[in-house]
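Start at 1 with the first residue, then count along the sequence. Note that ligands are numbered from 1 as they come in the structure, with each ligand's atoms numbered from 1 the same way.
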Amino acid sequence: MKPTGPIPPDFSASEGQLVIGGQSVREILDGAETPLFVYDGGVVRARVARLRATMPEGLGIHYAVKANPYRPLLAMLGDLVDGFDVASRGEMILAAEAGMDTEAISFAGPGKRDAELEAAVRHRVTVNVESEGEATRLLAIGARIGVTPCAAVRINPDFDLKGSGLRMGGGAKQFGVDAEVAAPLIRRLVDAGVDYRGLHIFAGSQALDAGAVAETQRQTVELAGRLSEEACVAPPRVNLGGGFGVPYFAGDKPLDVEAVGAALGDVLAARVEVLKGTAFAIELGRWLVAEAGVYLTRVIDRKESRGETFLVVDGGLNHVLAASGNFGTVVRRNYPIAVAGWFGAAAEEVVSVVGPLCTPLDRLGDRVELPRAEAGDVIALFMTGAYGRSASPEGFLSHPAAGEMLVRG
Ligand SMILES: *Cc1c(COP(=O)(O)O)cnc(C)c1O
């Protein structure tokens, strides 16, 4: 038997049936087919409310669209957060269609094509400039179409988020401009007459240690102050990045966001003069949406092989690559998993839950303890609201796409 991650506390049982956002899985699947992602809007709203209550007054909360670009979810989030961060023109369009004011959208990512930059400039989306070459192209595009670009500079910090699942800062990186050489680029953009929007500093993802997140935020504010003094320009905004992690695996403890908020309040209160008029923001993806998502997949076959039991389900890594352990983790560990029709019932057996793909990587639960499930029963995989459908190789084996549904939107 191998352990599974903690089931988020937002889900309950009614007569043994898993309930998501007030509806039982039986009711949800009355008019929908598996595999299906169900997102509980109430959970997302609660996350945002908790942040608003704990983060320093006036701190902007941005949503990183790549975590989950499902349109109804974006439309809902558009009313809850202060901005969207996008990483492609496609996401920019989704963000705008969700009703987000384009001036509250920022665009990061290495390798922005000219057409993407042009679309951003035309719609006054803030471009987080990631290199000298990108700055040259941005300025040329602005001059050619006669529109002043809105530009911030994305910094590759000289530190990274400790205990972070994915390291995005520190060392040599394709993201952002190295902190040591960023001041001249800031100066260059300002002197060229862009609408300077400030700095974007993102040091990592998926950290559960409040002390590490707080320390990174402290270093980030310090770096923003130092660079702004060096470039002799006050940044209208500083995007502090995110890095707030969520508990996917056994032993993971939720991030103490109250402690992070308190520490950030102290840091901002003590900030240097050049940052006094600056607005600060954080950008979060998974922390806002991961726990809201449940992936429902139906058992097609139950089989034995050399003493082990396999539940073969109709969904797999083509929809939930991360839950199969093949996206952003080194060692495969089990996400929280349950039999939807026996939610909360005692475990009776050890099984492996596997998808229909022709690869042994297609494993959604590795020797997990569950109540007995038969063909036709529904398996629920939790923590699948972020980096699910859109971060999976949907075309692999040409199975149908998973459905998506927002409840309590
Ligand atoms: C992916 C990404 C995020 C969101 O990361 P999460 O771990 O989902 O919070 C935020 N900012 C940038 C620049 C990113 O690339």
Side-chain angles (χ1 to χ4, degrees), residues 39 44 47-48 51 55 59-70 73-74 77 81-88 90-92 94-95 104-112 120 125-131 134 152-157 160-170 173-177 197-210 212-213 216-217 220 237-248 252 254-255 257 260 280-293 321-323 327-329 383-392:
Y39 310 119
V44 177
R47 293 294 177 279
V48 176
L51 277 186
M55 290 296 138
L59 183 78
I61 296 171
H62 291 196
Y63 174 60
V65 169
K66 77 174 188 291
N68 189 331
Y70 181 52
L73 187 68
L74 280 187
L77 274 159
V81 301
D82 306 302
F84 280 164
D85 293 310
V86 301
S88 70
E91 285 188 356
M92 205 189 308
L94 284 171
I105 298 174
S106 59
F107 180 14
K112 302 180 193 76
V125 166
T126 296
V127 174
N128 292 325
V129 175
E130 316 228 0
S131 74
E134 190 173 86
V153 174
R154 178 166 178 190
I155 310 296
N156 174 24
D160 66 4
L161 177 52
K162 303 281 178 302
S164 161
L166 287 171
R167 294 199 163 178
M168 304 279 285
K173 290 279 152 36
Q174 73 265 51
F175 308 108
V177 183
R197 294 297 179 88
L199 302 171
H200 176 221
I201 308 177
F202 179 80
S205 242
Q206 182 50 21
L208 293 172
D209 176 358
V213 173
T216 297
Q217 290 185 332
T220 302
R237 285 194 234 158
V238 171
N239 181 330
L240 300 170
F244 292 22
V246 289
Y248 289 112
D252 283 356
L255 175 68
V257 289
V260 173
F280 290 84
I282 52 173
E283 56 177 355
L284 304 178
R286 71 187 75 224
W287 195 86
L288 294 174
V289 296
E291 284 152 293
L321 183 67
F327 185 79
T329 48
M383 304 301 292
T384 46
Y387 306 106
R389 181 174 171 189
S390 70
S392 301

### Query
Which atoms from ligand 1 have a heavy atom of A64 less than 4.0 Å away?
3 (C), 4 (C), 10 (C)
### Summary
With heavy atoms and a 4.0 Å threshold, my read on which part of A108 contacts ligand 1 is neither
### Query
Between E291 and R286, is there a side-chain N and carboxylate O pair less than 4.0 Å apart?
no
### Charged tip of K66 within 45° of Y387 ring normal and under 6.0 Å
no
### Task
Keeping the roles fixed (side chain from K112, backbone from V129), state whether a donor-acceptor pair exists under 3.5 Å.
no
### Summary
Checking heavy atoms under 4.0 Å, the part of Y387 that sits near ligand 1 is side chain
### Query
Taking N or O atoms only and a 3.5 Å limit, does F202 qualify as a polar contact for ligand 1?
no
### Summary
Closest heavy-atom approach to atom 11 (N) of ligand 1 among E283, R286, H62 is made by E283
### Query
When the aromatic ring centroids of Y70 and Y39 are compared, is their separation below 6.0 Å?
yes
### Summary
One finds that the ligand 1 atoms under 4.0 Å from a non-hydrogen atom of S205 are 5 (O), 6 (P), 7 (O)
### Test item: N156 side-chain N/O and G176 main-chain N/O as donor-acceptor pair under 3.5 Å
no
#### Entry: Numbering as shown, the atoms of ligand 1 that approach H200 to under 4.0 Å (heavy-atom distance)
13 (C)
### Message
I'd like to know if the side chain of N68 and the backbone of G385 have a donor-acceptor N/O pair within less than 3.5 Å.
### Response
yes
